[in-house]
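Here is the structure we will look at, set down as structure tokens.
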Amino acid sequence: MARINFGGVEETVVTREEFTLAKAQEVLKNETIAVIGYGVQGPGQGLNLRDNGFNVIVGQRPGKTYDKAVADGWVPGETLFGIEEACEKGTIIMCLLSDAAVMSVWPKIKPYLTPGKALYFSHGFAITWSDRTGCVPPADVDVIMVAPKGSGTTVRSLFLEGRGINASFAVYQDVTGKAQERTLALGIGIGSGYLFETTFQREAVSDLTGERGSLMGAIQGLLQAQYEVLRENGHTPSEAFNETVEELTQSLMPLFANKGMDWMYANCSTTAQRGALDWYPRFHDAIKPVVKDLYESVKSGKEAQISIDSNSKPDYREGLEKELKVLHDSEMWRTAETVRQLRPENNK
């Protein structure tokens, strides 16, 4: 592991050059990795591990998701089992269920957490708020985490491109003396670009803050507000969408993703530079109090409880579909469908 300077702060980072795939394969050569849950993260991590030559099985309940696992090449009775049987066979149990599902399935998993096994998560939620989730692991198993900084779909697509998504890693409980080695081997095995060290608590709090903030909640709120103001002042849907979303995602995001916001500013018009430099402090000052409130709501466990309570309702799925339909049916995202169809790559 190396100490890397990030803006003046040193952090522990592991790269694929120093912890090679060959080393990861050696560390896990006698392990059976049981991927429990084949929804969001399960396919990406499971398939990447399988393609990288690890001994992987999947545990999934019957249904559409089970059928998807079969379609992906997992063989019933050989590499695809029910949840309990997979947990029994696995020496490393990768708990990749949704936060709500972890709570409901936990009673099936826990009996198979026998001494020396490893319990793996890709999110710190269940352990950080164990007083609310009821997920308290036995004291004689390793409890570890690799948390990719992106969706399971991205974990898979970047792997197939020969790249890899960055991920954090943490060890919550080390009883075998090899918990960290197991963690890093799994991180390399799923194809991480690089791994940075965290804790279960820090990962859970930062993850929930990010999802509600700049990654999803805040960005939708900002885009919607700007789009609405433009439309209210006579701009057409196409113009409002292009100036709000299309230019951001298709032109500017690749620039600051590759070289930073400062570089992107330096390569825009002087008019854009002046306006951005004048207005970003006002947005910062307006938004920071909201982010502070959000962070405290997450850190206190309030957001976790809201999630638990919501997901526990028998009609939650129906209510969720209604909320997502409102978003789907909004003018801005219906305009997006037309704009995407008009992109040059779709009109060859």
Side-chain angles (χ1 to χ4, degrees), residues 38-45 47-48 64-65 67-69 71-73 98 148-166 191 193 210-261 263-265 267-269 271-273 275-276 279-280 283 287 316-348:
Y38 206 73
V40 178
Q41 284 288 338
Q45 295 196 35
L47 291 170
N48 290 0
K64 290 183 179 179
T65 308
D67 296 339
K68 181 183 184 307
D72 284 345
S98 69
K149 299 300 105 183
S151 71
T153 300
T154 310
V155 169
R156 183 60 176 166
S157 64
L158 290 182
F159 175 85
L160 292 174
E161 291 173 16
R163 296 162 64 192
I165 195 164
N166 300 332
E211 291 168 347
R212 287 150 178 75
S214 65
L215 302 179
M216 295 175 68
I219 192 68
Q220 167 62 21
L222 172 61
L223 296 177
Q224 184 176 332
Q226 181 170 304
Y227 180 90
E228 288 174 352
V229 169
L230 289 172
R231 290 288 288 121
E232 289 161 4
N233 283 276
H235 298 271
T236 65
S238 178
E239 184 171 52
F241 184 83
N242 273 278
E243 296 292 356
T244 300
V245 181
E246 190 74 353
E247 186 172 353
L248 171 67
T249 59
Q250 300 304 299
S251 174
L252 300 182
M253 275 188 172
L255 295 182
F256 69 78
N258 289 331
K259 294 192 176 181
M261 187 69 78
W263 189 89
M264 187 265 280
Y265 273 32
N267 285 273
C268 287
S269 71
T271 302
Q273 290 171 358
W279 275 88
Y280 93 72
F283 278 104
I287 293 167
Y316 172 70
R317 183 58 58 181
E318 290 82 353
L320 174 65
E321 292 300 328
K322 289 179 181 178
E323 290 182 276
L324 292 176
K325 189 175 188 303
V326 171
L327 191 63
H328 175 273
D329 292 345
S330 67
E331 183 186 273
M332 182 169 71
W333 294 117
R334 297 292 55 72
T335 299
E337 290 184 344
T338 303
V339 171
R340 286 195 295 271
Q341 291 170 3
L342 292 171
R343 288 175 186 164
E345 64 267 25
N346 295 326
N347 287 279
K348 293 179 181 178

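FYI, the numbering just counts along the sequence from 1.
- Counting only residues at least two apart or on different chains, the salt bridge (Lys or Arg N to Asp or Glu O under 4.0 Å) pairs with a member in residues 211-232 are R212-E303, R231-E331.
- Under the 4.5 Å side-chain criterion, counting only non-hydrogen atoms from C-beta, E243 is not in contact with H235.
- Atom NZ of K68 is separated from atom NZ of K64 by 13.5 Å, given to the nearest 0.5 angstrom.
- From T338, atom OG1 reaches atom CH2 of W333 across 13.0 Å, with rounding to the nearest 0.5 Å.
- Between V326 and E323 there is no side-chain heavy-atom pair separated by less than 4.5 Å.
- Between T244 atom OG1 and L230 atom CG the span is 5.0 Å, to the nearest 0.5 Å.
- Heavy atoms of other residues, nucleotides or ligands lying less than 6.0 angstrom from CZ of F256 number more than 12.
- You'll find the side chain of V245 stays beyond 4.5 Å of the side chain of T335, heavy atoms only.
- In this structure a side-chain-to-backbone donor-acceptor pair under 3.5 Å is missing from E247 to L252.
- Annotation: M216, atom CE; neighbour count of heavy atoms from other residues, nucleotides and ligands within 6.0 Å does not exceed 12.
- Counting all heavy atoms, side chain and backbone alike, V155 lies closest to P148 at CG2-CB, 3.6 Å.
- Of all non-hydrogen atoms in S151 and Q41, the two that sit nearest each other are C-NE2, 3.7 Å.
- Residues Y38 and D72 form a side-chain contact, since some pair of their non-hydrogen atoms from C-beta on lies under 4.5 Å apart.
- Looking at every heavy atom in both residues, K325 comes nearest to D329 through NZ-OD2, 2.5 Å.
- For the pair N258 and P254, the tightest heavy-atom approach, listed with the atom from each and the gap, is ND2-O, 3.0 Å.
- We find the CZ-CG distance between F283 and L222 to be 6.0 Å, quoted to the nearest 0.5 Å.
- R156 meets the side chain to side chain donor-acceptor pair (under 3.5 Å) test with N48, D51; sequence neighbours excluded.
- The two atoms that bring F159 and G191 nearest to each other are CD1-CA, 4.1 Å, heavy atoms only.
- Using modelled atom types and a 3.5 Å distance limit, the side chains of Q220 and Q224 yield a donor-acceptor pair.
- Taking every heavy atom of both residues into account, V339 and F241 meet most closely at CG2-CD2, 3.7 Å.
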